[in-house]
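The first residue of the sequence shown is numbered 1, and numbering continues consecutively from there.
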Amino acid sequence: MNRPDRSPAQPATDARRRHDPQVRGFASDNYAGVHPEILAALALANGGHQSAYGADDYTAHLQDVVRSHFGRRAEAFPVFNGTGANVVALQALTDRWGAVICADTAHIHVDECGAPERVGGLKLLTVPTPDGKLTPELIDREAFGWDDEHRAMPQVVSLAQNTELGTLYTVEEIRALCDHAHERGMLVHLDGARIANAAAALDVPMRAFTNAAGVDILSCGGTKNGMLFGEAVVVLNPDAVRHMKHLRKLSMQLASKMRFISVQLEALLAGDLWLRNARHSNAMAQRLAEGVRGVAGVEILYPVQANAVFARLPHDVSERLQKRYRFYFWDEPAGDVRWMCSFDTSEQDVDGFVAALREEMGR
């Protein structure tokens, strides 16, 4: 029997704010909270009953939103997180004996606890890159031996846009990589955890370097750009993919209350929120880089093209600075660090950090 919505009861637990909301850091765009427009969308989707496991109105409407970005053949499969998106997407393109060619700095290789290999059953064939970007020549270092039963078969090339080093592929570079992979009988996966930052920096639609360039499947990020949780596997080439629904469930990425992932993706992608957030975080990274360049003894390591700044500075300075602002070492023995900006990073945050850096370098 249908019942009217009821006001929630007063929580029995002692719920209170347990952090200082004024504290900012540069450790990760995952540290940021949830964008207010996405919180509002979550509240809108709450109340009443909706079918579970993706058979809800929000997930159905999300398909139209995703197709407006990635073409009429695109289909979105919401998942819980980025590692899950990558594992599901790569399994969808490979056989049990399949291998994936990727950069040695790729997130799927360095930061996913072996999940693509242990959970997905894949072999990763990594190649070193100077800037995190693959080239046709680098792909060919591992693109061989398809008929050799003693070797895992290269079936997929996995790109990241942005790369783990904060660098970007141009549209032409991704198109050339897709053409090269397809000519050799391989498919292409794009890890788009920060795809919005790439589109904002290149000033092109997301489709320009995904479906229009020949990418077969996409891990489409949302958490790093203002969502509470959730990403989506977007199938761009349905001819290359089989049994996505079963793979998602098998990989423990099927949300029962999927409407709360789908409504976030809709809020992010239906209008321009994804672009506004990305443009802002990119602009803050540029402001940070400009400020850092004026500090003697600090070296910026890679081009600052999206919302990441990689730098090298004395180890003791970093340790002191970490007590004032959170950030991570990237290569601690070398003194390399990574500073990330997010949708809620302010100019005051950046300027305060640069001032603190200058003070610590002057000690």
Chemist: Do you know which two heavy atoms are closest between Ala85 and Val233, and how far apart they sit?
Modeler: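 Closest approach of Ala85 to Val233, heavy atoms only: O-CG2, 3.5 Å.
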Chemist: Can you tell which of His61, Gln63, Arg67 makes a side chain to side chain contact (heavy atoms under 4.5 Å, CB included) with Val65?
Modeler: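 Going through His61, Gln63, Arg67 one by one, the side chain to side chain contact (heavy atoms under 4.5 Å, CB included) with Val65 is satisfied by His61 alone.
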Chemist: For a quick check under 3.5 Å, do Thr163 and Asp131 share a side-chain donor-acceptor pair by atom type?
Modeler: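 Side chains of Thr163 and Asp131: no pair found under 3.5 Å.
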Chemist: With hydrophobic residues grouped by side-chain heavy-atom distances under 4.5 Å, do Phe229 and Met340 end up in a single group?
Modeler: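 Different clusters.
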Chemist: Could you walk me through whether Asn282 and Asn307 pass the side chain to side chain contact (heavy atoms under 4.5 Å, CB included) test, one step at a time?
Modeler: CA-CA 4 Å; Asn282 288 359; Asn307 64 324; 3.7 Å; yes
Chemist: Is there a donor-acceptor pair under 3.5 Å between the side chain of Glu142 and the backbone N or O of Pro154?
Modeler: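 Such a contact is absent between Glu142 side chain and Pro154 backbone.
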Chemist: Are Trp339 and Tyr325 near enough that their ring centres are under 6.0 Å apart?
Modeler: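 No, too far apart.
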Chemist: Just by distance, with hydrogens left out, do Ser346 and Asp349 show a side-chain donor and acceptor under 3.5 Å apart?
Modeler: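 Short answer, yes.
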Chemist: Does Arg207 use its side chain to pair, donor to acceptor, with the backbone of His69 at less than 3.5 Å?
Modeler: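 Checked: pair present.
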Chemist: Would you confirm whether Thr223, through its side chain, and Gly230, through its main-chain N or O, come within 3.5 Å as a donor-acceptor pair?
Modeler: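 Answer holds: yes.
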Chemist: Taking only residues two or more places apart in sequence or in another chain, which ones pass ring pair (Phe, Tyr, Trp, His ring centres under 6.0 Å) with Phe329?
Modeler: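 Testing Phe329 for ring pair (Phe, Tyr, Trp, His ring centres under 6.0 Å), a comparison that skips the adjacent residues, returns His315.
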Chemist: With side chain to side chain contact (heavy atoms under 4.5 Å, CB included) as the test, pick out the partner of Val309 among Val337, Leu301, Leu288.
Modeler: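 The passing option is Leu288.
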Chemist: Taking the side chain as C-beta and beyond, is there a heavy-atom pair between Leu42 and Phe260 under 4.5 Å?
Modeler: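 Yes. Closest side-chain heavy atoms under 4.5 Å.
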Chemist: Among Asp29, Thr345, Asn197, find the one that has a side chain to side chain donor-acceptor pair (under 3.5 Å) with Ser281.
Modeler: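 That would be Asn197; it is the only one of Asp29, Thr345, Asn197 passing the side chain to side chain donor-acceptor pair (under 3.5 Å) with Ser281.
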Chemist: More than 12 non-hydrogen atoms from neighbouring residues, nucleotides or ligands closer than 6.0 Å to CG on Asp203, yes or no?
Modeler: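 Count not over threshold, so no.
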Chemist: Do Leu357 and Val292 have side chains that get closer than 4.5 Å, going by heavy atoms?
Modeler: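 Heavy-atom side-chain distance check passes, below 4.5 Å.
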Chemist: In the single-linkage hydrophobic clustering (I, L, V, M, F, W, Y; side-chain heavy atoms under 4.5 Å), do Val66 and Phe80 co-cluster?
Modeler: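 Yes, Val66 connects to Phe80 through the hydrophobic network.
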Chemist: Going from CD on Gln91 to CZ on Arg242, what distance comes out if it is rounded to the nearest 0.5 angstrom?
Modeler: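 Interatomic distance, Gln91 CD to Arg242 CZ, rounded to 0.5 Å: 12.0 Å.
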Chemist: Looking at every non-hydrogen atom in both residues, tell me the closest pair between Thr94 and Leu122 and how far apart they are.
Modeler: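 Closest heavy-atom pair between Thr94 and Leu122: OG1-CD2, 3.0 Å.
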Chemist: Answer with yes or no whether the side chains of Gln305 and Asn162 bring together a donor and an acceptor at under 3.5 Å.
Modeler: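 On atom types as modelled, these side chains do not qualify, holding no pair under 3.5 Å.
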Chemist: How far does NZ of Lys224 sit from CG of Asn30, to the nearest 0.5 angstrom?
Modeler: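 If I round to the nearest 0.5 Å, the distance is 4.0 Å.
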Chemist: Would you say Leu93 ends up clustered with Trp97 if hydrophobic residues are merged whenever their side chains have heavy atoms under 4.5 Å apart, either directly or through other cluster members?
Modeler: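 Per the 4.5 Å side-chain linkage, Trp97 and Leu93 are not co-clustered.
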Chemist: If you measure from CE on Met284 to CG on Asp344, what distance do you get to the nearest 0.5 Å?
Modeler: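 Here the interatomic distance stands at 11.5 Å.
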Chemist: Report the C-alpha separation of Val157 and His180 in whole Å, then their side-chain angles, then the decisive distance to 0.1 Å, and conclude whether the side chain to side chain contact (heavy atoms under 4.5 Å, CB included) test is met.
Modeler: CA-CA 10 Å; Val157 173; His180 192 76; over 6 Å; no
Chemist: If you compare all heavy atoms of Val79 against all heavy atoms of Gln253, which two are closest, and at what distance to 0.1 Å?
Modeler: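 Heavy atoms of Val79 and Gln253 come nearest at CB-OE1, 3.3 Å.
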Chemist: What do you reckon, is CZ of Arg293 surrounded by more than 12 foreign heavy atoms closer than 6.0 Å?
Modeler: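 Above 12, so yes.
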Chemist: Run the salt bridge (Lys or Arg N to Asp or Glu O under 4.0 Å) check on Arg287 and Glu290 step by step: do they pass?
Modeler: CA-CA 5 Å; Arg287 186 182 185 92; Glu290 287 303 310; over 6 Å; no
Chemist: Please step through salt bridge (Lys or Arg N to Asp or Glu O under 4.0 Å) for the pair Asp179 and Arg175, ending with a clear verdict.
Modeler: CA-CA 6 Å; Asp179 290 344; Arg175 183 177 295 115; 6.0 Å; no
Chemist: Should Val88 and Ile195 be counted in the same cluster of Ile, Leu, Val, Met, Phe, Trp and Tyr side chains packed under 4.5 Å apart?
Modeler: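 Hydrophobic grouping puts Val88 apart from Ile195.
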Chemist: Does Asp147 have more than 12 heavy atoms from other residues, nucleotides or ligands lying within 6.0 Å of its CG?
Modeler: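 No, CG of Asp147 has 12 or fewer neighbouring heavy atoms, counting only those of other groups under 6.0 Å.
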Chemist: For Tyr169 together with Phe209, are the ring centres under 6.0 Å from each other?
Modeler: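 That pair fails the under 6.0 Å test.
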Chemist: So, for Glu231 and Gly221, which heavy atoms are closest and what is the spacing to 0.1 Å?
Modeler: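 Scanning both residues, the minimum pair turns out to be OE1-CA, 2.7 Å.
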Chemist: Apply side chain to side chain contact (heavy atoms under 4.5 Å, CB included) to residues Ile217 and Leu187 and explain how you reach the verdict.
Modeler: CA-CA 9 Å; Ile217 201 166; Leu187 299 168; over 6 Å; no
Chemist: How long is the straight-line distance from CD of Glu164 back to CH2 of Trp330, given to the nearest 0.5 Å?
Modeler: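 That separation rounds to 5.0 Å.
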Chemist: Are there more than 12 heavy atoms of other residues, nucleotides or ligands under 6.0 Å from atom NE2 of His19?
Modeler: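 Counting other residues, nucleotides and ligands, NE2 of His19 exceeds 12 neighbours.
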Chemist: Is there a path of hydrophobic side-chain contacts, each under 4.5 Å between heavy atoms of I, L, V, M, F, W or Y residues, that connects Phe70 with Val204?
Modeler: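 In one cluster: yes.
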Chemist: Hey, could you give me the CG/CD1 distance between Leu134 and Ile101, rounded to the nearest 0.5 Å?
Modeler: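 That separation rounds to 8.5 Å.
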Chemist: Which ILVMFWY residues can you reach from Phe144 by hopping between side chains whose heavy atoms are under 4.5 Å apart?
Modeler: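 When side chains under 4.5 Å apart are linked, Phe144 ends up in no cluster with other residues.
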Chemist: Distance-only, no hydrogens or angles: does the Arg259 side chain make a donor-acceptor pair with backbone N or O of Ala45 under 3.5 Å?
Modeler: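 Checking the backbone N and O of Ala45 against the side chain of Arg259, a donor-acceptor pair under 3.5 Å is found.
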Chemist: So, for Pro130 and Leu165, which heavy atoms are closest and what is the spacing to 0.1 Å?
Modeler: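 That would be O-CD1, 4.4 Å.
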Chemist: Could you state the interatomic distance from CD1 (Ile38) to CG (Leu273), rounded to the nearest 0.5 Å?
Modeler: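 Going from CD1 on Ile38 over to CG on Leu273, the span is 5.5 Å.
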Chemist: Between Asp140 and Arg184, does the side chain to side chain contact (heavy atoms under 4.5 Å, CB included) criterion hold? Intermediate values first, please.
Modeler: CA-CA 10 Å; Asp140 283 346; Arg184 283 152 180 73; 3.1 Å; yes
